[in-house]
Peer 1: 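This structure is in structure tokens; I'll ask about it shortly.
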Amino acid sequence: MQPEDEAGQLFSCTKTVCAYKCYRKGQRFIFVDTPGFNNGKLSQCAVFTAIAAWLKEMYRKSIELTGVIYTHNLREDSMGAVDEQSFRLLCHLCGNEAADRVRLVTTMWDDVDELGAVEVEETLKGTHWQSFMQAGAQPRRFDNTSESAWNIVESLGITTKTLLLQMELVDMGKALENTTAGKHLMLGKSVTLVSKRYLHQSISIS
């Protein structure tokens with residue numbers, strides 16, 4: 001697996017949805033890397049459209065996900081407006097029925113003051129993450145080791161579920177802008193990192 005350019009930086013650099021195959025203890029894993037909703041080079045609309053298209057294609061092929069891993073950098077004391085919007089978009093994309101397939105992962109434990117990091121983690125769990133955790137999402141810590149990463153992955157087990165966005169696009173035949181996540185993004189609630197013209201960009205998936 002070759003890392004993308006700028007992959008070592010502390011900002012979202014992934015530009016497309018890419019799947020990577022990996023084997024561990026005789027078991028095959030498929031990891032899917034997506035652009036972040038807080039990507040400084042792509043609008044949230046563009047990122048959401050790309051992720052939705054991939055999810056729709058997989059569901060049409062009867063491929064379901066085992067889990068979704070969301071990361072939060074502990075160097076950031078709190079969630080800014082963009083981070084909050086990105087997280088809410090994730091919640092609407094997954095839906096409460098698939099919340100147990102989500103891992104809310106805090107990162108940079110090896111590079112921050114532990115007491116301060118614990119305080120940030122507890123704040124997230126008691127505010128921004130609370131309702132999604134009550135629906136089944138589970139918090140995890142990544143301490144920048146291979147063992148830690150695999151512990152997070154293996155905590156998902158082998159159960160698979162359909163995400164809310166997939167059901168809305170395929171089973172219900174909704175247009176992307178009429179899905180729960182699409183409405184949340186397009187109703188003026190989003191905070192973009194690029195030109196406002198993206199707020200008026202139409203999103204559609206055939």
Side-chain angles (χ1 to χ4, degrees), residues 1 3-4 6-14 17-25 27-40 44 47 51 55 64-161 163-164 181:
M1 181 189 306
E4 293 192 73
E6 302 178 323
Q9 303 299 316
L10 296 179
F11 53 82
S12 179
C13 64
T14 303
V17 180
C18 299
Y20 303 93
K21 186 186 305 182
C22 178
Y23 290 89
R24 175 176 167 83
K25 298 178 181 178
Q27 183 177 357
R28 187 181 71 164
F29 294 83
I30 304 295
F31 293 98
V32 181
D33 190 19
T34 73
F37 287 126
N38 61 345
N39 191 302
Q44 285 187 334
V47 171
I51 293 174
L55 288 172
E64 293 184 320
L65 301 183
T66 301
V68 175
I69 296 175
Y70 170 89
T71 61
H72 178 83
N73 182 354
L74 285 171
R75 283 185 173 182
E76 301 171 6
D77 292 338
S78 61
M79 293 182 75
V82 174
D83 291 326
E84 173 65 18
Q85 163 62 13
S86 299
F87 180 69
R88 297 316 309 169
L89 192 55
L90 170 76
C91 295
H92 291 306
L93 186 155
C94 295
N96 283 347
E97 291 300 316
D100 65 312
R101 298 291 83 211
V102 179
R103 297 294 178 267
L104 307 176
V105 179
T106 45
T107 66
M108 296 294 171
W109 283 95
D110 61 322
D111 198 38
V112 294
D113 173 70
E114 185 173 356
L115 290 178
V118 170
E119 183 177 348
V120 172
E121 180 188 43
E122 290 303 313
T123 298
L124 290 170
K125 289 159 62 175
T127 54
H128 303 289
W129 292 0
Q130 186 177 48
S131 61
F132 207 38
M133 285 174 55
Q134 290 173 343
Q138 298 179 23
R140 287 289 188 275
R141 295 179 179 181
F142 173 61
D143 61 14
N144 201 27
T145 66
S146 176
E147 180 182 4
S148 174
W150 279 112
N151 285 340
I152 294 168
V153 171
E154 291 172 346
S155 75
L156 290 162
I158 60 174
T159 301
T160 62
K161 281 191 177 179
L163 304 185
L164 175 60

Peer 1: Taking atom CZ of Phe37 and atom CG of Asp83, what is their separation to the nearest 0.5 Å?
Peer 2: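 Answer for the CZ-CG pair, Phe37 versus Asp83, is 12.5 Å.
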Peer 1: Does Arg141 reach the main-chain N or O of Ser148 with its side chain, forming a donor-acceptor pair under 3.5 Å?
Peer 2: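 No.
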Peer 1: Under 6.0 Å from the CD atom of Glu154, do we count more than 12 heavy atoms belonging to anything else shown?
Peer 2: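 More than 12 heavy atoms, drawn from other residues, nucleotides or ligands, come within 6.0 Å of this atom.
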Peer 1: Are Leu65 and Leu55 close enough that some pair of their side-chain heavy atoms sits under 4.5 Å apart?
Peer 2: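 In short, these two side chains touch, coming nearer than 4.5 Å.
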Peer 1: So, for Phe87 and His128, which heavy atoms are closest and what is the spacing to 0.1 Å?
Peer 2: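 Residues Phe87 and His128, closest heavy atoms: CE2-O, 3.2 Å.
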Peer 1: Once you round to the nearest 0.5 Å, how far does CD of Gln85 lie from CG of Leu90?
Peer 2: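 If we round to the nearest 0.5 Å, Gln85:CD and Leu90:CG are 11.0 Å apart.
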Peer 1: Working to the nearest 0.5 Å, report the span between CE of Met108 and CZ of Phe142.
Peer 2: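 Between atom CE of Met108 and atom CZ of Phe142 there are 9.0 Å.
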Peer 1: If you compare all heavy atoms of Val102 against all heavy atoms of Cys94, which two are closest, and at what distance to 0.1 Å?
Peer 2: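 Shortest heavy-atom separation between Val102 and Cys94 comes out as CG2-SG, 3.9 Å.
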Peer 1: Hey, could you give me the CH2/CD distance between Trp109 and Glu121, rounded to the nearest 0.5 Å?
Peer 2: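 Trp109 atom CH2 to Glu121 atom CD measures 4.0 Å (nearest 0.5 Å).
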Peer 1: Taking all non-hydrogen atoms of both residues, which atom of Arg88 and which atom of Ser131 are closest, and how far apart?
Peer 2: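 Looking at all heavy atoms of both residues, the closest pair is NH1-OG, 4.0 Å.
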Peer 1: Say you draw a straight line from CG of Leu104 to NZ of Lys125; how long is it, rounded to the nearest 0.5 Å?
Peer 2: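 Between atom CG of Leu104 and atom NZ of Lys125 there are 10.5 Å.
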Peer 1: Glu84: which residues meet the salt bridge (Lys or Arg N to Asp or Glu O under 4.0 Å) condition with it, sequence neighbours left out?
Peer 2: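 Scan of Glu84 (salt bridge (Lys or Arg N to Asp or Glu O under 4.0 Å), adjacent residues dropped) gives none.
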Peer 1: Hey, what do you get for CD (Gln44) to CD1 (Ile51), rounding to the nearest 0.5 Å?
Peer 2: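 So the gap between those two atoms works out to 10.5 Å.
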Peer 1: For Thr71, which residues count as a side-chain hydrogen bond (donor to acceptor under 3.5 Å, both in side chains) partner, sequence neighbours excluded?
Peer 2: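 Here no residue qualifies.
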Peer 1: Quick check: does any side chain N or O of Thr106 sit under 3.5 Å from a backbone N or O of Leu74, one acting as donor and the other as acceptor?
Peer 2: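 No, because the side chain of Thr106 does not come within donor-acceptor range (under 3.5 Å) of the backbone of Leu74.
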Peer 1: Side chains of Val112 and Val120: does their closest heavy-atom pair fall under 4.5 Å?
Peer 2: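 Side chain of Val112 against side chain of Val120, heavy atoms only: no contact under 4.5 Å found.
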Peer 1: Can you see which heavy atom on Val47 is nearest to which on Pro35, and at what distance?
Peer 2: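 Where Val47 meets Pro35 most closely, the heavy atoms are CG1-O, 3.4 Å.
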Peer 1: Before you tell me yes or no, could you show the steps for Tyr70 and Phe132 under side chain to side chain contact (heavy atoms under 4.5 Å, CB included), namely the whole-Å CA-CA distance, both residues' side-chain angles and the distance that decides it to 0.1 Å?
Peer 2: CA-CA 12 Å; Tyr70 170 89; Phe132 207 38; over 6 Å; no
Peer 1: Within a strict 4.5 Å, meaning less than it, do heavy atoms of the Arg101 and Leu163 side chains meet?
Peer 2: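 The answer is no; the side chains never approach within 4.5 Å.
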Peer 1: Without swapping roles, check the side chain of Arg140 against the backbone of Ser155 for a donor-acceptor pair under 3.5 Å.
Peer 2: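 Such a contact is absent between Arg140 side chain and Ser155 backbone.
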Peer 1: Check step by step if side chain to side chain contact (heavy atoms under 4.5 Å, CB included) holds for Arg24 and Val153.
Peer 2: CA-CA 11 Å; Arg24 175 176 167 83; Val153 171; over 6 Å; no
Peer 1: List the atom of Asn73, the atom of Thr107, and the distance in Å for their closest heavy-atom pair.
Peer 2: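 Asn73 and Thr107 have their closest heavy atoms at CA-OG1, 3.4 Å.
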Peer 1: Side chain to side chain contact (heavy atoms under 4.5 Å, CB included) with Thr160: which residues, sequence neighbours excluded?
Peer 2: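 Thr160: side chain to side chain contact (heavy atoms under 4.5 Å, CB included) contacts with Glu64, Thr66.
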